[in-house]
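Being a predicted model, the structure only gives us computed values, none of them experimental. Note on naming: letters A, B, ... go to the chains in the order of the sequence lines (proteins, then strands), and numbering restarts at 1 for each one. The analysis underlying the following values was restricted to heavy atoms, covering all of them including side chains, and did not include hydrogens, waters or symmetry mates.
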Number of protein chains: 4
Amino acid sequence: MAVPTKSSSAVAGKGGGDKREQIMDAALALFVERGFYGTTVPEIADRAVVGAGTIYRYFESKDALVNAIYRAEKMRFGRLVLDAFPVASPTREQFRLLWMRMARFATETPDSFVFLELHHHARYLDAESRTVEARMLDLFIHFIANAQSRGELKAGSPRLLIGMVMGAFVGVIRNCVELEQPPGDADWKLAEQCMWEAVRS
Amino acid sequence: MAVPTKSSSAVAGKGGGDKREQIMDAALALFVERGFYGTTVPEIADRAVVGAGTIYRYFESKDALVNAIYRAEKMRFGRLVLDAFPVASPTREQFRLLWMRMARFATETPDSFVFLELHHHARYLDAESRTVEARMLDLFIHFIANAQSRGELKAGSPRLLIGMVMGAFVGVIRNCVELEQPPGDADWKLAEQCMWEAVRS
Amino acid sequence: MAVPTKSSSAVAGKGGGDKREQIMDAALALFVERGFYGTTVPEIADRAVVGAGTIYRYFESKDALVNAIYRAEKMRFGRLVLDAFPVASPTREQFRLLWMRMARFATETPDSFVFLELHHHARYLDAESRTVEARMLDLFIHFIANAQSRGELKAGSPRLLIGMVMGAFVGVIRNCVELEQPPGDADWKLAEQCMWEAVRS
Amino acid sequence: MAVPTKSSSAVAGKGGGDKREQIMDAALALFVERGFYGTTVPEIADRAVVGAGTIYRYFESKDALVNAIYRAEKMRFGRLVLDAFPVASPTREQFRLLWMRMARFATETPDSFVFLELHHHARYLDAESRTVEARMLDLFIHFIANAQSRGELKAGSPRLLIGMVMGAFVGVIRNCVELEQPPGDADWKLAEQCMWEAVRS
DNA sequence: CATGAATGAGTATTCATTCAT
DNA sequence: CATGAATGAATACTCATTCAT
């Protein structure tokens with residue numbers, strides 16, 4: 001019942017061998033490539049180079065696996081974007097930083113970003129996964145509300161502004177995914193400037 | 001193999017007995033509600049009040065059905081947004097009109113909009129469905145490029161700008177879907193103003 | 001959801017074709033031959049000459065199937081043994097009749113009898129199946145108690161006497177099953193006489 | 001392949017550390033509680049406080065384990081019932097003794113008795129286990145035949161009489177198991193008297 | 001044309017057994 | 001000797017699709 005934890009293996013060294021991570025990596029890639037329902041458990045096992053049964057030593061079910069990946073990636077995203085956030089900087093700087101950090105996440109691990117995007121509303125996400133999502137949203141809402149109260153952003157529902165900016169960000173990624181070329185630095189900067197003008201007061 | 005065409009039902013008048021449309025309506029609603037893989041063909045048949053086998057008289061497969069719906073809705077979207085487009089109006093007016101027409105589509109038939117959004121990248125979309133999508137994109141690209149050449153929009157890849165604006169639009173919808181309240185007219189107007197400022201030169 | 005009923009086909013004639021009954025017959029035989037867990041659903045389907053999926057049109061699960069068989073056979077047993085029971089006859093006659101009817105059931109459909117015996121305490125029997133069993137037991141208990149009150153049977157817990165007599169009956173069957181020869185009429189009569197002497201006052 | 005024998009532990013004294021017995025005890029309890037197929041090997045290992053792999057150092061397979069338990073318990077049953085059997089006593093006394101010794105076995109180690117009963121006809125019992133069973137049966141047959149030749153028991157197939165008496169015995173137990181109360185001494189005596197009257201000439 | 005009962009290929013999941021440590 | 005993580009063969013069950021009526 002007690003499933004092996006990730007931490008123990010992080011110490012292991014020896015160059016990998018962490019089955020739990022192997023499985024999550026393989027599953028993430030396949031879910032992005034072929035979708036959740038389009039991916040079979042044996043396929044995940046093959047790609048992770050483990051037996052099919054092994055997956056069930058680490059995850060209760062295929063659903064539990066996708067939820068674990070979702071949470072892990074969402075939290076990694078959160079950490080990358082929010083760690084050591086310059087609370088005192090001007091809003092303009094903060095906006096740029098958020099945007100560029102997100103861009104880095106999306107550029108360095110595009111699979112992860114696409115995965116989070118695709119599974120945002122998936123039926124198989126459980127309550128805890130949705131909570132992770134909700135917590136991050138709250139942080140953004142506070143950020144917006146504060147800036148609005150200083151008169152630096154347009155008035156209006158913070159959620160609306162967030163939806164707009166995040167939507168635009170995703171739109172930029174999608175555009176590049178469809179063109180099958182990674183978005184250049186210039187693209188990210190242009191988009192960032194556009195969206196700042198969209199929300200600034 | 002000779003599948004009944006949609007036109008046959010258009011002739012039927014009185015709106016009764018159009019099985020093809022009944023099936024598509026039922027499927028659209030269920031796909032939005034439970035996803036493509038979460039919906040079984042017999043369920044669609046039940047909701048459409050036809051026999052399960054009947055669906056295969058109108059559509060070659062479940063995949064063909066979802067593609068037919070995608071194309072039909074995408075084209076309806078295109079017509080609603082582009083019909084009688086005021087080619088001569090100022091760009092600002094054109095932008096507002098596009099946005100508001102899209103808003104009307106999304107507000108009047110939210111299921112259709114969500115469906116198009118959710119299935120944008122679905123694996124089961126075939127080449128023809130992607131072509132419908134591509135044609136519409138071309139129209140937008142020309143619109144943007146023209147406006148750019150007149151110096152009214154920011155320079156940059158038209159696809160990038162489209163991705164950004166469409167993404168933001170979707171973000172607004174999603175936000176409201178999550179809050180389970182239809183976006184108000186004020187929301188749409190605010191968002192429209194924001195995004196205009198995002199793209200105008 | 002609404003599963004086809006047995007009655008409709010009983011009328012059908014045409015010499016069989018009743019899938020539900022085919023499945024139950026095949027399953028009964030296999031459960032006796034190889035046990036519940038030793039029988040796979042495809043095996044049942046093969047023997048019943050239906051597709052594996054067809055079984056699930058008639059029974060929710062393998063468990064539901066074994067329960068349905070249990071109930072059907074238990075009730076058939078009850079009917080055969082108790083129908084038109086001569087309430088007014090002397091206890092000795094009643095005892096003989098019960099015993100011989102049970103013997104007929106066990107001789108004519110030995111699989112059914114063995115099945116009921118083997119699955120008496122099976123973990124997969126649900127509440128309803130146990131109720132069928134309990135109701136029949138109640139009838140026997142009343143029969144015993146009445147005879148005891150007339151001083152014709154030994155005093156003592158009716159359940160104990162029933163357990164003893166039924167146990168002895170099963171013992172006779174088992175003995176013959178092990179010898180792989182059907183119990184002769186003389187055997188049944190001898191055993192009946194023995195057990196009467198066991199319980200009479 | 002050279003599996004540790006039971007004797008080695010008999011030497012150990014103090015009763016501690018005897019893994020083979022720990023495993024058999026745990027398995028017996030679980031098999032009775034949840035059935036053979038309802039019990040997993042790791043569960044047995046947990047209950048026996050040994051590693052799952054250890055079980056395979058003492059038993060070739062799960063089947064071999066259940067067979068070993070069956071033989072051991074059957075032989076313990078035989079010893080308890082037949083040791084120092086008073087060959088010269090009157091048949092009535094012998095019958096009473098057999099019955100009461102069986103009752104003691106069933107009362108003192110009900111799990112063992114239920115186990116023997118439940119697995120009497122199990123598919124996974126191998127030839128040797130059946131031989132143990134057969135040998136004991138032979139002893140009983142001789143006992144019966146002798147008594148019959150002295151005219152003390154009813155004529156008829158000894159096996160039939162044995163089946164009847166043993167069946168009745170099991171019926172008494174089952175009755176008490178169902179009522180979830182251990183059979184009282186009075187119950188055992190009543191039943192013994194009944195069954196003696198059943199078989200005596 | 002319409003139907004829906006029947007199908008069986010395909011999937012997630014379990015668990016006896018092995019073997020590197 | 002003992003272990004328990006890893007394995008993969010085996011099994012119950014689902015559902016898109018067909019076809020006899």
When rounded to whole Å, the CD1 to C1' distance for the pair B:Ile55 and F:dC19 reads 16 Å
Quickly work out the B:Arg20 CZ to E:dC1 C1' distance and round it to whole Å. 16 Å
Rounded off to whole Å, could you give me the CD1-to-P distance for the D:Ile23 and E:dT17 pair? 14 Å
Please report, rounded to the nearest Å, how far the P atom of F:dA5 is from the CD atom of A:Gln22. 16 Å
Any heavy-atom pair between the side chains of C:Thr40 and C:Ile44 that's under 4.5 Å? no
To the side chain of A:Lys19, which of F:dA5, F:dT7, E:dT7 is closest? F:dT7
Please report the distance, rounded to the nearest Å, between CD1 in B:Ile44 and C1' in F:dA16. 10 Å
For A:Phe31, the ring-ring contact (aromatic ring centres under 6.0 Å, His included) test, sequence neighbours excluded, returns A:Phe36
Minimum-distance nucleotide (side-chain atoms of C:Arg57 versus F:dT3, E:dA6, E:dA2): E:dA6
Residue set satisfying salt bridge (Lys or Arg N to Asp or Glu O under 4.0 Å) with A:Lys62, at least two apart, ordered chain then number -> none
Taking only distance into account, with no hydrogens and no angle test, what donor-acceptor pairs under 3.5 Å do side-chain atoms of residues 111-118 of chain B form with protein atoms, sequence neighbours excluded?
{"from": "B:Ser112", "atom 1": "OG", "to": "B:Glu73", "atom 2": "OE1", "distance (Å)": "2.9"}
{"from": "B:Ser112", "atom 1": "OG", "to": "B:Arg76", "atom 2": "NH2", "distance (Å)": "3.2"}
{"from": "B:Glu117", "atom 1": "OE2", "to": "A:Arg174", "atom 2": "NH1", "distance (Å)": "3.1"}

Provide the full list of salt bridge (charged side-chain N to carboxylate O under 4.0 Å, His left out) pairs with a residue in residues 36-45 of chain C, sequence neighbours left out, each pair given once. C:Arg34-C:Glu43
Going by the rule salt bridge (Lys or Arg N to Asp or Glu O under 4.0 Å), which residues pair with D:Arg71 if we only count those two or more places apart in sequence or in a different chain? D:Asp126, D:Glu128
Reading 5' to 3' and counting Watson-Crick or G-U wobble pairs with both distances under 3.5 Å, write the dot-bracket notation for DNA chain E, | for bases paired outside the strand. .||||||||||||||||||||
Are C:Phe59 and C:Asn67 packed together at the side-chain level, in the sense that at least one heavy-atom pair is separated by less than 4.5 angstrom? no
Report the residues that fulfil side-chain contact (heavy atoms from CB on, under 4.5 Å) with B:Thr131, sequence neighbours left out, ordered by chain and then residue number. B:Arg135
Rounded to the nearest Å, what distance is computed from the CG atom of residue C:Asp46 to the P atom of nucleotide E:dT7? 11 Å
Interatomic distance, C:Leu65 CG vs F:dT11 C1' [rounded to whole Å]: 15 Å
How close or far is atom P of E:dC1 from atom CZ of B:Phe59, stated in whole angstroms? 14 Å
Contact state string [nucleotides 11-16 of chain E, B base, S sugar-phosphate only, - no protein heavy atom under 4.0 Å]: SSBBSS
Residue list, side-chain contact (heavy atoms from CB on, under 4.5 Å) with C:Ala52, at least two apart or on another chain: C:Ala45
